[in-house]
Amino acid sequence: MEIIPAPRVTSPASGTPFVLDEHTALTAGPEAAGEARRLRSALGAATGFPLLPGRGGLPGGGRARIHLEVDPSLPDEGYRLEVGAERVGITGGGPAGVSWGGQTLRQLLGPDAFRRAPLPDRAWRLEPGVIEDAPRFAWRGMLLDVARHFMPKDGVLRYLDLLAAHKLNVLHLHLTDDQGWRIEIQRYPRLTEQGAWRERSMLGGRQHGQWEERPHGGFYTQDDIREIVAYAAERHIAVVPEIDVPGHSQAAIAAYPELGNTDAVDTGSLAVWTRWGINENVLAPTDAVLAFYENVLTEVLALFPGRFVHIGGDECPKAQWKASPAVRARIAELGLNGEDELQSWFIRHFDTWLAERGRRLIGWDEILEGGLAAGAAVSSWRGYAGGIAAAEAGHDVVMCPEQQVYLDHRQAEGEQEPIPVGYVRTLEDVYRFEPVPPQLAGTAEAAHVIGTQANVWTEMMDSARYVDYMAFPRLCAFSEVAWSSLAPPLERDFADFEHRMDAHYRRLDALGVEYRPPGGPLPWQRRPGVLGRPIEGPPPIV
């Protein structure tokens with residue numbers, strides 16, 4: 001069975017195939033009614049069949065149907081898919097499990113099951129057998145950076161469909177940074193009136209000084225966010241918002257200069273940043289700034305019902321704090337030992353604030369420095385080390401090391417790769433990524449690795465086509481790592497995965513994904529003359 005991600009157990013059987021046609025019914029138990037509605041919509045669009053919820057009828061009085069139901073004895077996201085001559089049964093431990101079983105059913109029906117209108121003369125057959133499946137990790141995510149280059153709402157909805165098709169269940173939406181603020185905050189309208197727009201953008205690596213002299217921007221209204229979150233929830237995907245503090249904040253400071261260190265720099269002259277890299281303009285550690293972001297997060301919590309809220313916490317230069325008399329006085333007032341402890345104090349404030357509201361803070365691994373409340377979780381991005389330290393200290397971890405699963409890193413050597421950045425991370429490299437490092441394997445602390453995430457940073461990705469090129473097909477390999485890869489990395493059968501990808505490329509074609517072909521970029525996928533920032537050699541394991 002050419003399924004991605006690979007199921008845990010497949011048991012082919014002999015016998016008559018199941019034929020899906022205009023007589024087939026699609027029925028469901030009460031807990032799976034919503035999944036039936038969505039599967040009927042998807043398969044009905046592709047096949048042109050009504051798949052009505054009646055009992056179905058075949059010439060001669062036979063019955064054929066697809067039936068969905070929930071059985072709590074299965075894992076919540078697990079499912080069992082049984083194909084017989086006249087019945088296909090999908091049983092999930094919960095609605096999410098039923099939904100993932102439906103995604104497997106679509107793959108079994110062939111690539112055209114992912115189209116949005118029927119093509120002529122298609123036969124829809126399923127070979128008999130049983131699939132039993134469940135995910136390895138609870139958090140199977142992708143970060144989408146919409147702050148550097150904005151992706152309009154319809155593009156985000158499309159990516160939610162692509163995540164669901166690969167059984168990924170977290171969209172980490174990077175909403176704010178120096179280069180743009182992308183979410184409407186009604187109390188502070190200038191965050192989007194001014195903070196969502198920049199005058200121009202760098203082209204390629206920041207050291208080359210190339211520019212695109214065209215304004216860039218955009219933001220999501222609160223109704224847009226509600227729609228995105230609801231669309232994701234129907235597909236059993238949690239949307240985790242990221243609001244960066246105290247660094248990566250120039251867009252906010254450009255809109256509200258009082259948020260910055262006004263005694264160290266003329267914040268009134270700042271605009272939304274047009275460069276890439278680490279920015280010196282960081283938030284001031286005042287009570288007024290804390291109150292401002294509490295008000296921001298109050299609106300964010302009302303829009304995002306999920307438990308986790310990401311607050312960034314990374315790459316906060318201290319030069320302005322060191323130059324600011326007000327900050328030095330604040331450090332003395334709080335009894336802190338310098339600027340590093342001040343950053344920890346800033347993070348712990350929001351850790352406590354979120355916990356009091358029943359939410360959990362998650363941030364990049366720098367937030368470990370200075371200690372965290374017990375409920376906080378860590379995104380380990382600088383390598384494995386931060387995640388190992390967090391797990392050993394009792395914190396939950398999402399493993400997303402830059403050296404392994406940053407999908408802005410180039411996919412091959414050579415000048416044909418568009419705007420080459422970072423290490424070479426091939427499809428096989430991603431397929432052999434292991435979220436649980438050897439230092440934790442087999443220990444009680446390994447249970448704190450709640451999942452893994454591939455990160456798509458968009459400094460170089462100025463269109464959905466380019467995001468597709470960088471994310472796919474590597475996100476397919478990542479989905480298998482997150483869902484089903486129990487074997488050690490070097491023992492995984494990459495040849496078998498490549499064989500299954502032959503069929504999966506046709507599914508991506510049906511979905512309209514502009515992936516990188518196995519033979520290299522197509523002519524229009526290249527970016528001649530735009531220089532990147534490649535790093536030579538294999539990435540370190542740190």
Side-chain angles (χ1 to χ4, degrees), residues 139-153 155-157 159-160 163 168-188 191-192 195-196 218-249 251-252 255 283 292-314 346-347 349-351 353-364 367 375-379 381 396 398 400 450-451 453-458:
W139 182 304
R140 308 180 302 280
M142 186 189 89
L143 176 144
L144 182 59
D145 172 20
V146 296
R148 273 53 177 270
H149 278 103
F150 179 67
M151 181 177 284
K153 180 193 68 178
V156 177
L157 299 179
Y159 257 82
L160 287 167
L163 296 186
L168 298 172
N169 68 347
V170 175
L171 175 64
H172 175 170
L173 206 53
H174 182 70
L175 290 164
T176 73
D177 215 297
D178 301 303
Q179 297 87 0
W181 185 285
R182 306 295 180 212
I183 178 172
E184 176 191 21
I185 301 297
Q186 293 177 347
R187 184 162 181 160
Y188 302 118
L191 286 172
T192 46
F219 67 93
Y220 308 109
T221 68
Q222 293 202 355
D223 280 346
D224 290 337
I225 293 293
R226 291 185 184 98
E227 181 182 357
I228 288 168
V229 169
Y231 194 86
E234 285 194 334
R235 287 148 183 80
H236 305 283
I237 297 171
V239 183
V240 176
E242 180 174 348
I243 307 294
D244 267 303
V245 297
H248 290 285
S249 297
L283 298 174
F292 182 100
Y293 274 86
E294 288 174 0
N295 291 333
V296 167
L297 288 170
T298 296
E299 295 193 28
V300 168
L301 297 189
L303 297 168
F304 295 90
R307 194 170 182 196
F308 285 99
V309 176
H310 208 292
I311 52 74
D314 64 318
F346 203 110
I347 299 301
H349 174 88
F350 288 103
D351 190 348
W353 189 89
L354 287 167
E356 289 171 349
R357 287 153 182 81
R359 304 300 184 95
R360 290 184 68 183
L361 179 147
I362 184 169
W364 303 110
I367 68 172
V378 171
S379 301
W381 78 274
D396 286 343
V398 176
C400 49
I450 60 173
Q453 182 171 289
N455 293 347
V456 180
W457 299 103
T458 63

With under 30° as parallel and over 60° as perpendicular, where do the rings of Phe150 and Tyr220 fit, or are they tilted in between?
tilted
Within-4.5 Å side-chain heavy-atom neighbours: Leu171 and Tyr159:
no
Is the Phe346 ring parallel, tilted or perpendicular to the Phe350 ring (thresholds 30°, 60°)?
tilted
Separation of Asp224 CG from Glu184 CD (nearest 0.5 Å):
8.5 Å
Just checking, is any N or O donor in the side chain of Asp177 or His248 under 3.5 Å from an acceptor N or O on the other one?
yes
Can you measure from CG (Leu361) to CG (Asp351) and round to the nearest 0.5 angstrom?
5.0 Å
Whether the side chain of Glu242 engages the backbone of His310 through a donor-acceptor N/O pair (distance < 3.5 Å, no angle test) should be reported.
no
Taking Arg359 for the side chain and Gly306 for the main chain, is one N or O donor matched with an acceptor at less than 3.5 Å?
yes
Under 3.5 Å donor-acceptor, Asp145 side chain and Thr458 backbone:
yes
Taking all atoms of both residues into account, what is the closest heavy-atom pair of Arg182 and Gln179, and its distance?
NH2-O, 3.6 Å
Note: Gly313 and Pro246 closest approach over all heavy atoms is CA-CD, 4.5 Å
Once rounded to the nearest 0.5 Å, what's the spacing between atom CZ of Phe292 and atom CG of Leu297?
10.5 Å
Please check if the side chain of Asn169 supplies one atom and the backbone of Ile237 the other of a donor-acceptor pair under 3.5 Å.
no
With heavy-atom distances below 4.5 Å as the criterion, would you say the side chains of Ile185 and Thr192 are in contact?
no
Between Asn295 and Thr298: side-chain donor-acceptor atoms closer than 3.5 Å:
no
Quick one, Ile183 and Ile243 - any side-chain contact, counting heavy atoms below 4.5 Å?
yes
For the pair Arg307 (side chain) and Arg360 (backbone), establish whether a donor and an acceptor sit closer than 3.5 Å, ignoring hydrogens and angles.
no
Approximate separation, where rounding is to 0.5 Å, of Leu173 CG and Met142 CE:
9.0 Å
Is there a donor-acceptor pair closer than 3.5 Å between any side-chain N or O of Arg226 and the backbone N or O of Leu303?
no
Between Val239 and Ala232, what is the shortest heavy-atom contact and its length?
CG2-CB, 3.5 Å
If you take all heavy atoms of Ala251 and Gly195, which pair is closest and at what distance?
CB-O, 3.7 Å
Any heavy-atom pair between the side chains of Val398 and Phe308 that's under 4.5 Å?
no
Aromatic ring proximity, centroids under 6.0 angstrom, Trp353 and Tyr293
no
Rounded at 0.5 Å granularity, tell me how far SG in Cys400 sits from CH2 in Trp139.
9.0 Å
Quick check: do Glu227 and Leu157 have side-chain heavy atoms less than 4.5 Å from each other?
yes
Would you mind reporting whether Ile362 and Ile367 have side-chain heavy atoms less than 4.5 Å apart?
no
If you define the side chain from C-beta out and look only at heavy atoms, does anything of Leu191 sit under 4.5 Å from Val296?
yes
Aromatic ring proximity, centroids under 6.0 angstrom, His172 and Trp364
yes
Could you walk me through whether Leu175 and Phe219 satisfy the side-chain contact (heavy atoms from CB on, under 4.5 Å) test, starting with their C-alpha distance in whole Å, then the side-chain angles of each, then the deciding distance to 0.1 Å, before giving a yes or no?
CA-CA 9 Å; Leu175 290 164; Phe219 67 93; over 6 Å; no
So does Glu299 pair up with Arg187, basic N to acidic O under 4.0 Å?
no
Side-chain heavy-atom pair Val170, Leu163 within 4.5 angstrom cut-off
no
Between the CG atom in Asp314 and the CG atom in Asp244, the distance rounded to the nearest 0.5 Å is 6.0 Å
